[in-house]
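Let me begin by presenting the structure, written as structure tokens, before commenting on it.
Just the heavy atoms: all of them, side chains too, but no hydrogens, waters or symmetry mates, feed the values below. Both counts, for ligands and for their atoms, begin at 1 and track the order of listing.
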Amino acid sequence: MLGIETSCDETSAAVVRGTPDSPVMESLVILSQDVHRLFGGVVPEIASRQHLTGIVPTVTAALGDAGVELADIDAIAVTHAPGLVGALLVGTSYAKALGFARGIPVVPVHHLEGHLFATLLEERDAVPPFTALLVSGGHTLLLDVPAWGEYRLLGGTRDDAAGEAFDKTGKLLGLPYPGGRPVEELARTSDGGAFRFSRPMVRSNAQPGDDDYYDLSFSGLKTAVLTAVRECERAGTLDAARAAIANAFQGAVIDTLVEKVDRARRAFDRSRIVLGGGVACNRALQEAMRRRFATRGGAVFAPSPRLATDNAAMIAAAGLFRFAAGERADPTMTAHASLPLPGILSHVS
Ligand code: KG4
Ligand code: ZN
């Protein structure tokens with residue numbers, strides 16, 4: 001399976017073989033578009049143009065690294081949604097043209113389903129049933145996954161994505177974009193000191209069925225960080241307080257995410273937790289999840305940074321599953337900026 005991912009600011013291609021339950025990664029090439037750092041965020045038009053120039057060399061390198069040729073490829077899996085539509089179109093158009101010219105079937109893959117398969121490339125036990133938390137710059141989703149292709153959407157963010165909260169906090173603290181890793185590194189040098197931000201939507205008397213039971217919200221936390229930064233600026237103490245603010249912010253995000261995952265895990269009696277998305281790289285988050293669930297016989301799976309962030313190997317792995325299920329793109333297949341995850345189960349409990 002040749003995987004192609006161009007939904008945001010990574011041009012990526014990979015070759016994966018095997019079965020849906022045990023995919024083997026033969027190669028993975030990720031061309032990160034560093035140009036967006038200059039703008040402090042992804043510029044869609046620039047992203048599309050960079051995908052256009054990057055796609056052919058990226059696919060060529062992925063085939064070369066895997067030691068295969070196009071003639072050896074059985075199918076092409078491509079991200080068709082969700083994401084920046086111009087960026088996605090480069091991948092879908094390229095995959096369709098390649099498939100048509102070479103007689104290779106094309107399988108459309110939902111980007112978030114890709115994130116659910118990422119961990120499986122490294123951990124054979126990261127298979128359903130499990131509780132999944134997808135946390136990246138663009139999405140924050142809590143899911144129950146009884147089987148591949150069956151997804152219970154439990155909750156999501158009502159405002160900012162978890163990664164966005166890290167990026168905005170990083171910006172307020174004068175750190176480079178994207179802020180996730182710099183905030184984590186700075187947070188490690190402090191214990192939070194006098195700072196403590198309230199944990200959003202974690203009332204201890206919340207019950208399943210309450211509308212905030214699984215949902216998340218980070219905009220209030222962002223405002224709390226902003227207020228703390230302003231106060232320190234006025235008092236001339238910001239330099240000394242930056243690490244403590246980073247630590248207190250990260251602690252509030254982690255406590256909230258761990259609590260929500262615990263609620264989902266208990267509701268469906270799951271022993272496996274699968275994390276995905278860029279924020280899943282956060283070591284403090286992984287450790288907090290393991291601390292909470294290890295004593296309860298739970299196993300926490302988090303992909304390595306290369307597979308946690310956007311990449312084509314996870315798209316190829318999800319593609320193996322969709323291909324085995326008989327799914328094929330027809331010539332009208334196109335890119336969608338937003339599209340629900342396929343296989344959403346209608347009732348939550
Ligand atoms: O999955 P990803 O590469 O792209 C999206 O689909 O958004 O995630 C990028 C996000 C950024 O917001 C970045 O700040 C965050 O993941 N991130 C982290 C860490 N590494 C990346 N957040 C917290 N801690 C990290 N170590
Ligand atoms: Zn993503």
Side-chain angles (χ1 to χ4, degrees), residues 3-12 14 28 30-34 36-37 40-42 44 47 79-84 87-88 91 109-119 132-141 143 156-157 159-173 175-189 216 218 221-222 225 246-247 249-258 274-289 302-315 317-318 337-339 341:
I4 294 174
E5 154 67 37
T6 64
S7 68
C8 190
D9 57 346
E10 255 84 40
T11 315
S12 181
L28 171 59
I30 304 173
L31 186 65
S32 289
Q33 303 180 355
D34 288 338
H36 303 287
R37 281 172 204 273
V42 178
T79 310
H80 71 132
L84 302 171
L88 286 164
V109 170
H110 192 281
H111 181 80
L112 296 180
E113 187 167 49
H115 276 299
L116 292 173
F117 276 83
T119 316
L133 177 70
L134 297 183
V135 271
S136 71
H139 8 266
T140 304
L141 277 186
L143 301 146
T157 182
D159 36 64
D160 295 347
E164 221 178 325
F166 270 94
D167 295 340
K168 288 177 177 170
T169 296
K171 196 170 177 186
L172 288 170
L173 295 175
L175 300 170
Y177 172 87
R181 219 173 68 198
V183 168
E184 179 180 13
E185 282 165 6
L186 188 60
R188 210 176 290 141
T189 65
L216 295 135
F218 296 110
L221 183 57
K222 178 186 66 191
V225 171
N247 182 284
F249 158 78
Q250 181 174 277
V253 173
I254 290 175
D255 277 0
T256 309
L257 294 176
V258 171
V274 170
L275 308 179
V279 182
C281 300
N282 190 289
R283 298 294 291 270
L285 172 67
Q286 294 177 13
E287 283 158 19
M289 292 275 178
S304 61
R306 210 168 143 69
L307 290 170
T309 51
D310 291 349
N311 70 85
M314 69 184 195
I315 301 304
S338 69
L339 196 73
L341 194 62

Close-contact set for ligand 1 against [X] heavy atoms, below 4.0 Å:
{"X": "Gly163", "result": "12 (O)"}
{"X": "Gly137", "result": "5 (C), 7 (O), 8 (O), 9 (C), 10 (C), 12 (O)"}
{"X": "Asp167", "result": "11 (C), 12 (O), 13 (C), 14 (O)"}
{"X": "Gly138", "result": "7 (O)"}

What's the count of protein N, O or S atoms under 2.8 Å from the Zn ion (ligand 2)?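 My tally for this metal is 3.
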Taking atom CZ of Arg188 as the centre, does the number of heavy atoms from other residues, nucleotides or ligands within less than 6.0 Å exceed 12?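 Above 12, so yes.
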Would you check the N or O atoms of [X], main chain and side chain alike, for any that come under 3.5 Å of an N or O of ligand 1?
{"X": "Thr309", "value": "no"}
{"X": "Cys281", "value": "no"}
{"X": "Glu10", "value": "no"}
{"X": "Gly278", "value": "yes"}
{"X": "Gly277", "value": "no"}
{"X": "Glu184", "value": "yes"}

Do His139 and His111 pass the ring-ring contact (aromatic ring centres under 6.0 Å, His included) test, and can you show the C-alpha distance, the side-chain angles, and the key distance before you say yes or no? CA-CA 11 Å; His139 8 266; His111 181 80; 5.5 Å; yes
Do Leu307 and Met314 come close enough that some side-chain heavy atom pair is under 4.5 Å?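 Contact flag for Leu307/Met314 side chains = no.
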With sequence neighbours excluded, tell me which residues meet ring-ring contact (aromatic ring centres under 6.0 Å, His included) with Phe218. none
Once rounded to the nearest 0.5 Å, what's the spacing between atom [atom1] of [X] and atom [atom2] of [Y]?
{"X": "His115", "Y": "Leu143", "atom1": "NE2", "atom2": "CG", "value": "12.0 Å"}
{"X": "Asp159", "Y": "Leu221", "atom1": "CG", "atom2": "CG", "value": "10.0 Å"}
{"X": "Leu31", "Y": "Glu10", "atom1": "CG", "atom2": "CD", "value": "9.0 Å"}

Which of these, Pro305, Gly180, Pro178, has its nearest heavy atom closest to atom 22 (N) of ligand 1?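 Looking at heavy atoms only, Gly180 sits closest to atom 22 (N) of ligand 1.
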Is the closest heavy-atom distance from His139 to ligand 1 below 4.0 Å?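 Distance cut 4.0 Å: His139 passes for ligand 1.
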Run the contact test for Cys8 against ligand 1 with a 4.0 Å cut-off on heavy atoms, strictly below, and give the result.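 Cys8 does not count as a contact of ligand 1 under the 4.0 Å cut-off.
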Can Phe166 and Asp160 be said to form a side chain to side chain contact (heavy atoms under 4.5 Å, CB included), step by step? CA-CA 10 Å; Phe166 270 94; Asp160 295 347; over 6 Å; no
Option from Thr309, Leu133, Leu134, Val135 for which side chain to side chain contact (heavy atoms under 4.5 Å, CB included) with Val279 holds: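 Going through the options one by one, the only one that passes is Val135.
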